[in-house]
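Source: prediction; values computed, not measured. Here is the naming used below: chain letters follow the sequence lines, and residue numbers restart at 1 for every chain. In what follows, every heavy atom counts, from backbone to side chain, and hydrogens, waters and symmetry copies are set aside.
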Amino acid sequence: MGAPCVPCQGEEMRYSRMFIPTIKETPSDAEVASHRLLLRAGYMRQLGAGIYSYLPLLKRVLSKVESIVREEMNAIGGQEFFLPALHPKEVWEESGRWEVMGQNMFRFKDRKGADLGLGMTHEEIFTYIARDELRSYRQLPQTWYQIQTKFRDEPRPKSGLLRVRQFTMKDSYSFDLDQAGLDKSFDAHREAYVKIFGRCGLSFVQVEAHSGSMGGSASTEFMVRTNAGEDDVAACPKCGYAANTEKATSRVAKIEDEKGPDKPELFPTPGVRTIEDLTKPPFNVAAHRQIKTLVYAADGKPVLALVRGDQELNEAKLQGATGANEVRPAHPEEIQEWMGAAAGSLGAVGKDTGAPFEGRIWADLSLQGRENMVTGANKDEHHLKGVTPGRDFQPKWADLRTAMAGEGCPRCEGTLDLFKALEIGHIFKLGTKYSESMGAKVLDEKGQEKPIIMGSYGIGVERVAAAAVELYHDEDGIRWPLSIAPFHATVLSLQARDPEVGAAAEKLVGQLEEAGVETLYDDRDERPGIKFKDADLVGIPLRFAVGKKGLAEGKVELKIRGEKEMRLLTIEEAVAEAKARVDKARAR
RNA sequence: CGGGGCGUAGCGCAGCCUGGUAGCGCACCUGCCUUGGGCGCAGGUGGUCGGAGGUUCAAAUCCUCUCGCCCCGACCA
């Protein structure tokens, strides 16, 4: 961080004048560490569900994250914009997403009755500009970005800053003439993101992801491994394969079945409602020998999804396989009407011919080649045994199951691990989804009209800060990485009324500022204990304590937040040490 | 959208079942005291009990409706 360095250079910040409302008691409804600590340490306050006010300390952290993002985006040729958050309906209708976004978009009418939405992402708005202004391949490629507030009416805001309804996002968009250009833009972003998150001090992984309602061909998520996260990642420690479980595939061991009868046989199963019930006596059918039959509505039309009894269906994969816009579990009444039986006794046998399921049965690949299995008979409290997929019914084969820990890696001989993770960034190859629907085209060198090939790339700014807190905290408070801490250093005057202590503290603060070390000077007339507690809670990396004890030897005390040792240094040594650490963090 | 929980002083909570003067701790203010890990003593300030309606002589407490927040699930660019 050189010249454009953010908030404060050469300024002197006195704790007694700064608004840092720390609280001793833990707010009762804060569950995750970042939520609890950001509230307690005076970084933010809640205004409503998923709506937070950012206080001065948090604003400083976010500004630092944004500066790092800006530097790295500019370094790959990104140009900063600032687009409206207020979007007329018509723009979103062009891409079809006014409909697709559903309740997740905040919507309202203006005084004239016109429909407006609050921006939840900006593909449409950037494409609108590109469509009007980009005419020739000579103008490509372009990389445009902004750091802006997004609004999403989340069904369930939670976990403090991790899932909110208003937040700051760096979003960028690349415009290229061809696929090779997109690949370059995508890779440039990937490298920029690695630098950004690295400079922010985060440890993170890149994982293959599902594109969701963004559309497009490929996407990579940047994830921080933490139990506070809401995503599940399957990863192979051996080859590095990592994917969101929405997308992850796996290798399952082949199961050899015993030969069964030539055709399915009906048998009564009184009281059996679940896979587990069937595994118990007197039936004793192992879960992996059962076919789990799930009834879904895909864009309103019935489909059957089959997975092994010991596996879970992945709805995102089912949606992909069916090509539907929306899939949902069928309601009990629909199940009764379509299947003629209630959940618990459902099966695919006999359903592949005739309405409503003809040609609409999908089965997971792990059922391929299996025989002599057990499944529901579509007659309450009855099942069929000796069922062989492909003989007794004809499904369409697809990867439908959710990958599980302990299954084989799809890329190598390794075994998959599963862990919770928090998404802090996501990069997408969009292709022509928006340029085609909105008519963003350029002429190529042969004079041919071509839709612009687009990419879209996001970083959740608050999530970067919250992820840092999740990753780096202890029972006393936050332990910020130096690069995004609200201040590099804090100086505590332990006996604020003692003139000698005050003078030494002021001298140290002055020299630190001069050396470019952002310093919070705790000049309050408080007991030392309060200052130590607050310093730990707020989490500033370098803590200098100036007190009578040390001054007796002409020294001040340095403690690095999160480390045990304290060191006694002269003021000159202290300043040199702080400067060295800060310069090193900036150089990264 | 389904299930559960909670709204009483700035924060954390008790009181509610069994209706009858609204309480405790922290914070805050004043004074004294204390000063290397959220001191001590004394005295204070502060509450339409989320809102509306109802029952009752009387409602924080019982009933109805409503708003908000949190958790689990569903959903989630």
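Residues satisfying the ring pair (Phe, Tyr, Trp, His ring centres under 6.0 Å) test with A:Y145, not counting sequence neighbours, are none. Taking the salt bridge (charged side-chain N to carboxylate O under 4.0 Å, His left out) definition, one finds that A:D523 meets it with A:R14, sequence neighbours left out. Among residues two or more places apart in sequence or in another chain, the side chain to side chain contact (heavy atoms under 4.5 Å, CB included) test is passed with A:E573 by A:L569, A:T570. Taking A:N244 as the reference, A:E221, A:D231 meet the side chain to side chain donor-acceptor pair (under 3.5 Å) condition, with sequence neighbours excluded.
In this structure, A:S219 OG and A:I427 CD1 are separated by 8.5 Å, a value rounded to the nearest 0.5 Å. Between A:I76 atom CD1 and A:Y193 atom OH the span is 8.0 Å, to the nearest 0.5 Å.
Within 4.0 Å of A:F151, counting heavy atoms only, lies no atom of the nucleic acid at all. Counting non-hydrogen atoms under 4.0 angstrom, A:M169 reaches a base of the nucleic acid. Contacts of A:R328 with the nucleic acid, taken as non-hydrogen atoms under 4.0 Å apart, are absent. Within the nucleic acid shown, A:E31 comes within 4.0 Å of sugar-phosphate atoms alone, with no base atom in reach, counting heavy atoms only. Residue contacts shown for A:S493 are absent, as no nucleic acid heavy atom lies under 4.0 Å away. Counting any heavy atom pair closer than 4.0 Å across all strands shown, A:E315 reaches sugar-phosphate atoms only and no base atom.
For the C1' atoms, the distance linking B:G19 with B:C57 amounts to 12 Å, nearest Å. If you take atom C1' in B:C32 and the same atom in B:G36, they sit 23 Å apart, rounded to whole Å. B:C69 sits 33 Å from B:G44 when the C1' atoms are compared, rounded to a whole Å. Comparing the C1' positions of B:G47 and B:C1 gives an interatomic distance of 37 Å, to the nearest angstrom. Distance check on atom P: B:G4 versus B:C65 gives 15 Å, rounded to whole Å. Comparing the P positions of B:G53 and B:A60 gives a spacing of 14 Å, expressed to the nearest Å. When the P atom is used for both B:A9 and B:A14, the distance is 12 Å, rounded to whole Å. Rounded to the nearest Å, the gap between the P atom of B:U18 and that of B:C29 is 44 Å.
Searching all strands for a Watson-Crick or G-U wobble partner of B:G19 with both distances below 3.5 Å returns nothing. B:G43 is paired with B:C29 under the criterion used here, namely a Watson-Crick or G-U wobble arrangement in which both key atom distances are under 3.5 Å. The partner of B:G7 is B:C67, judged by Watson-Crick or G-U wobble contacts that both fall below 3.5 Å. Base pairing of B:A58 is not made with any nucleotide, judged by Watson-Crick or G-U wobble geometry with both donor-acceptor distances under 3.5 Å. With a cut-off of 3.5 Å on both Watson-Crick or G-U wobble distances, the partner of B:U48 is given as none.
For A:W144 and A:Y173, the ring centers sit 6.0 Å or farther from each other.
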Would A:K549 and A:E557 count as a salt bridge (Lys or Arg N to Asp or Glu O under 4.0 Å) here? Give the steps. CA-CA 10 Å; A:K549 265 190 207 170; A:E557 173 189 296; over 6 Å; no
Side chain to side chain donor-acceptor pair (under 3.5 Å) assessment of A:Y434 paired with A:R131: CA-CA 10 Å; A:Y434 298 91; A:R131 180 256 308 278; over 6 Å; no
Please write out the pairs of protein N or O atoms and N or O atoms of nucleotides 12-14 of chain B separated by less than 3.5 Å, giving the distance to one decimal.
unit_1 : atom_1 : unit_2 : atom_2 : d
B:C13  : OP2    : A:S28  : OG     : 3.4

Pairs under 3.5 Å (N/O, protein and nucleotides 39-41 of chain B):
unit_1 : atom_1 : unit_2 : atom_2 : d
B:C39  : O4'    : A:R527 : NE     : 3.4
B:C39  : N1     : A:R527 : NH1    : 3.4

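We find that CZ of A:R524 is positioned 17 Å from C1' of B:U34, with the value rounded to whole Å. Here the P atom of nucleotide B:C75 and the CD atom of A:E154 are 14 Å apart, to the nearest Å. For the pair A:R156 CZ and B:C72 C1', the computed distance is 6 Å after rounding to whole Å. Atom-to-atom, NZ of A:K559 to C1' of B:G37 comes out at 11 Å; the value is rounded to the nearest Å. Atom NZ of A:K158 and atom C1' of B:G73 are 10 Å apart (whole Å).
One N or O on the side chain of A:D522 and one on the backbone of A:R524 form a donor-acceptor pair closer than 3.5 Å. No donor-acceptor pair closer than 3.5 Å links the side chain of A:S435 to the backbone N or O of A:P451.
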Contacts under 3.5 angstrom, residues 559-567 of chain A side chains, donor-acceptor by atom type, not counting sequence neighbours:
unit_1 : atom_1 : unit_2 : atom_2 : d
A:K559 : NZ     : A:E563 : O      : 3.1
A:R561 : NE     : A:I478 : O      : 3.1
A:R561 : NE     : A:D536 : O      : 3.0
A:R561 : NH1    : A:D474 : OD2    : 2.9
A:R561 : NH2    : A:D474 : OD1    : 2.8
A:R561 : NH2    : A:G477 : O      : 3.4
A:R561 : NH2    : A:I478 : O      : 3.4
A:R561 : NH2    : A:D536 : O      : 3.1
A:R567 : NH2    : A:E577 : OE2    : 3.1

Distance-only check: which donor-acceptor pairs under 3.5 Å involve side-chain atoms of residues 296-304 of chain A, not counting sequence neighbours?
unit_1 : atom_1 : unit_2 : atom_2 : d
A:Y296 : OH     : A:E315 : OE2    : 2.7
A:D299 : OD1    : A:N325 : N      : 3.1
A:D299 : OD1    : A:E326 : N      : 2.9
A:D299 : OD2    : A:N325 : N      : 3.0

Listed pairs under 3.5 Å, donor-acceptor, residues 38-45 of chain A side chains, sequence neighbours left out:
unit_1 : atom_1 : unit_2 : atom_2 : d
A:R40  : NE     : A:I23  : O      : 3.0
A:R40  : NE     : A:K24  : O      : 3.4
A:R40  : NH2    : A:K24  : O      : 3.4
A:Y43  : OH     : A:W480 : NE1    : 2.8
A:Y43  : OH     : A:V538 : O      : 2.6
A:R45  : NH1    : A:L39  : O      : 2.8
A:R45  : NH2    : A:P21  : O      : 2.7

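Between A:F167 and A:V461, every side-chain heavy-atom pair lies at or beyond the 4.5 Å cut-off.
Along RNA chain B, the nucleotide closest to A:E246 and the one closest to A:R165 are compared, and the more 5′ of them pairs with A:R165. Place A:P155 and A:R497 on RNA chain B by their nearest nucleotides, and A:R497 ends up nearer the 5' end.
At a cut-off of 3.5 angstrom, counting only N and O atoms as typed in the model, there is no donor on one side facing an acceptor on the other between the side-chain of A:R543 and the base of B:G36. Contact annotation: side chain of A:E557 to base of B:G36, donor-acceptor pair present below 3.5 Å.
Taking every heavy atom of residues 531-539 of chain A and every atom of RNA chain B, pairs under 4.0 Å involve A:F532, A:K533, A:D534, A:D536, A:L537, by number. Contacts between residues 38-49 of chain A and RNA chain B, defined by a heavy-atom separation under 4.0 Å, are made by A:R40, A:Q46, A:G48, A:A49.
Counting only residues at least two apart or in different chains, salt bridge (charged side-chain N to carboxylate O under 4.0 Å, His left out) contacts with residues 487-499 of chain A comprise A:R497-A:D525.
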